[in-house]
Amino acid sequence: MQNASKDISNYEYYFFIGIGGIGMSALARYFNSRGKKVLGYDRTETELTQALKADGIEVHYEDSVVFIPKECTPENTQVVFTPAIPQEHLQYNHFINEQFSVKKRSQVLGDITKDKFTIAVAGTHGKTTTSSMIAHMLKSSGKNVTAFLGGITTNYGTNYLEGEPNPNEIVVVEADEFDRSFLHLHPDIAIVTSVEADHLDIYGDGSELIRSF
């Protein structure tokens, strides 16, 4: 796919297919907070998509190429998609056919974490709670922390904590084992809360799941 080697932060537009997901919306907020033009599609309107729109992010609910701005080109646009979208998705196939840079959410998270001090929290149970606690402790200690969380925290009311983009930035990320997504990350500290036989439609059996962890 075109521009595959371009730095993830060097695009002008970021188009999310499935922008209303808990992980996708956190990524959308990340690029929006860094002054990028963020927009995207989701199947239905939810509290998450409403919150994104309140942040100035454009969200639409119809899978049609007419919602792709003409200003978006393969040179200036990064497309991010969730594996949950069907293969016949019209916008997804348009971006593929037009040679846009198209990446899974996990790949984009991997690009973000490769040059930052990263704490990744994996496990069958407890990822969201543990990553939220770590992010809260770091933020309360005055650290420069950016966090991608798998739920809406009660005290912050969001799934994304914004840090300053500088060399002292610490990234906390919930590392999802679905589709082996967490193997794209670059953690300096990796935490595994628990490992149980799960997502066997992906892994086949428990031993392969353990091997991936």
Closest heavy-atom contact between [X] and [Y]?
X	Y	result
Leu48	Gly20	CD1-O, 3.2 Å
Ala122	Lys127	C-CG, 3.7 Å
Pro83	Lys104	CG-CD, 4.2 Å
Thr146	Arg34	OG1-NH2, 3.9 Å
Tyr156	Ser140	OH-OG, 4.4 Å
Pro74	Glu98	CG-O, 3.4 Å

Using a strict threshold of under 4.0 Å (side-chain N to carboxylate O), is an ion pair present between Glu75 and Lys6?
no
Same hydrophobic cluster for Ile152 and Phe148, using side-chain heavy-atom links shorter than 4.5 Å among ILVMFWY?
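As far as the 4.5 Å side-chain criterion goes, Phe148 and Ile152 are not connected within one cluster.
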Are Leu185 and Ile170 in one and the same hydrophobic cluster, where Ile, Leu, Val, Met, Phe, Trp and Tyr link if side-chain heavy atoms are under 4.5 Å apart?
no
Can you tell me how far [atom2] of [Y] sits from [atom1] of [X], rounded to the nearest 0.5 angstrom?
X	Y	atom1	atom2	value
Ile57	Asn32	CD1	CG	4.0 Å
Leu90	Ile17	CG	CD1	10.0 Å
Gln99	Thr73	CD	OG1	13.0 Å

So, [X] and [Y]: side-chain donor and acceptor under 3.5 Å apart, yes or no?
X	Y	result
Tyr160	Ser25	no
His60	Glu45	no
Thr128	Glu174	yes

Passes side-chain contact (heavy atoms from CB on, under 4.5 Å), Ile96 versus Phe100? Steps please.
CA-CA 6 Å; Ile96 293 292; Phe100 280 74; over 6 Å; no
Residue pair [X] / [Y], side-chain heavy-atom distance below 4.5 Å:
X	Y	result
Gln91	Phe67	yes
Glu71	Lys37	no
Phe81	Phe95	no

Taking the side chain from Asp176 and the backbone from Gly23, do they hold a donor-acceptor pair closer than 3.5 Å?
no
Just by distance, do the side chain of Ser33 and the backbone of Tyr30 share a donor-acceptor pair under 3.5 Å?
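Yes; at least one donor-acceptor contact below 3.5 Å.
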Tell me, with the steps shown, if Ile19 and Tyr41 meet side-chain contact (heavy atoms from CB on, under 4.5 Å).
CA-CA 6 Å; Ile19 197 169; Tyr41 158 88; 6.0 Å; no
Given the rule in the salt bridge (charged side-chain N to carboxylate O under 4.0 Å, His left out) test, do Asp111 and Lys103 qualify, once you have shown the distances and angles that lead to the verdict?
CA-CA 10 Å; Asp111 290 339; Lys103 291 187 175 184; 2.5 Å; yes
Check the pair Asp188, Ile119 against side-chain contact (heavy atoms from CB on, under 4.5 Å), reporting the backbone distance first and the verdict last.
CA-CA 6 Å; Asp188 295 276; Ile119 303 172; over 6 Å; no
